[in-house]
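Accompanying notes for the structure given below.
Only heavy atoms go into these numbers, but all of them, side chains included; no hydrogens, no water, no symmetry mates. Since we're looking at a predicted model, the values are computed, not measured.
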Amino acid sequence: EIEEALLSENIDIAVHSMKDVPTLLPAGLSIGAVVERHDPRDAFISNTGLTLAKLSEGSRVGTGSLRRASQLLHHYPGIKIVSIRGNVDTRIRKLKEDGEFDAIVLAVAGLERMGLGEEITEIISTDIMLPAPGQGIVAIECRGDDKETTNILKGINHTETELAATSERAFLYRLGGDCNVPVGCNANLSGHRIKLSGVISSPEGKVLIKKDASDSIECAGQLGEQLAEMILEAGGNIFFSFIN
């Protein structure tokens with residue numbers, strides 16, 4: 001509906017969480033800017049104050065994300081994943097008041113932007129859980145032929161974040177765009193180099209393939225495609241039987 005409003009010129013820009021933006025945009029629309037990235041990692045919120053590694057066997061962890069669930073189960077097969085829905089406030093209330101969960105997992109960026117950073121028990125290391133491509137990035141979409149708005153948006157675009165998003169989204173696109181296979185990816189820039197880490201796993205977490213690659217920032221998009229190819233060649237293509 002937001003994109004229809006853009007195309008019909010009822011609005012001039014649309015603000016999105018980049019991780020929710022499809023890798024292929026409708027004809028006539030483009031990403032005009034991204035603002036500086038917040039922490040892309042995932043947050044662990046425990047009802048008892050225990051960290052993830054100290055959870056007991058059978059602990060109930062709430063998440064609505066197949067990506068989060070599969071990576072958690074790969075590293076901590078003794079926990080029990082329980083589906084949770086609702087906005088951030090609703091999920092925290094369900095954790096603290098309803099007694100259905102021992103812990104939940106949410107994005108650090110969302111919690112901190114809402115002033116709820118104190119709720120975080122532990123920020124999960126990317127060695128355990130890679131975030132969704134584009135996580136922590138705010139994207140601003142506009143009409144491609146709207147030169148005035150496009151020029152205005154250039155003034156708030158954050159180049160390093162744009163490069164990270166380009167690389168991560170190229171990785172996701174090569175793996176099939178917006179598939180339902182659990183995929184995680186994270187780009188880190190250092191000087192004129194970009195390092196990209198990517199993961200694909202089976203939904204129950206028993207099999208997980210994780211790879212890293214690096215290149216110059218000028219090759220951000222190609223790097224994402226290259227890393228995806230590495231993961232597919234390592235056996236990642238077997239997971240695409242789970243695509244709807």
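In this structure, Ile137 and Lys19 have side chains that are not in contact, with every pair of non-hydrogen atoms separated by 4.5 Å or more. For the pair Asn186/Pro40, a side-chain contact is recorded, criterion being any heavy-atom separation below 4.5 Å from C-beta on.
Side-chain atoms of Arg169 come within 3.5 Å of backbone atoms of Val21 as a donor-acceptor pair (strictly under, hydrogens ignored). Judged by distance alone, the side chain of Glu168 and the main-chain N or O of Ala187 form a donor-acceptor pair under 3.5 Å. Side chain of His158 to main chain of Val35: no donor-acceptor pair is present (N/O by atom type, distance under 3.5 Å, no hydrogens or angles). Checked by atom type and distance alone, the side chain of Arg67 pairs as donor or acceptor with a backbone atom of Leu130 at under 3.5 Å. Panel note: side chain Arg143, backbone Leu6; a donor-acceptor pair is recorded below 3.5 Å.
Taking the charged nitrogens against the carboxylate oxygens, Glu119 and Arg91 have no contact shorter than 4.0 Å, which rules out a salt bridge.
Using modelled atom types and a 3.5 Å distance limit, the side chains of Gln222 and Asp215 yield no donor-acceptor pair. Between Thr121 and Ser46, the side chains place no donor N or O within less than 3.5 Å of an acceptor N or O (distance only, hydrogens not considered).
Atom CD1 of residue Ile217 and atom OG of residue Ser167 lie 11.5 Å apart, to the nearest 0.5 angstrom.
Ile152 and Ile11 fall into different hydrophobic clusters, where Ile, Leu, Val, Met, Phe, Trp and Tyr are joined by side-chain heavy atoms under 4.5 Å apart, directly or via other members.
Among the candidates Arg68, Arg41, His75, the single residue satisfying the side chain to side chain contact (heavy atoms under 4.5 Å, CB included) test with Met129 is Arg68. Paired with Leu227 under the rule side chain to side chain contact (heavy atoms under 4.5 Å, CB included), one option of Glu225, Glu229, Met230 passes, and it is Met230.
Taking Asp89 as the reference, nothing meets the side-chain hydrogen bond (donor to acceptor under 3.5 Å, both in side chains) condition, with sequence neighbours excluded. Taking Asp20 as the reference, nothing meets the side-chain hydrogen bond (donor to acceptor under 3.5 Å, both in side chains) condition, with sequence neighbours excluded.
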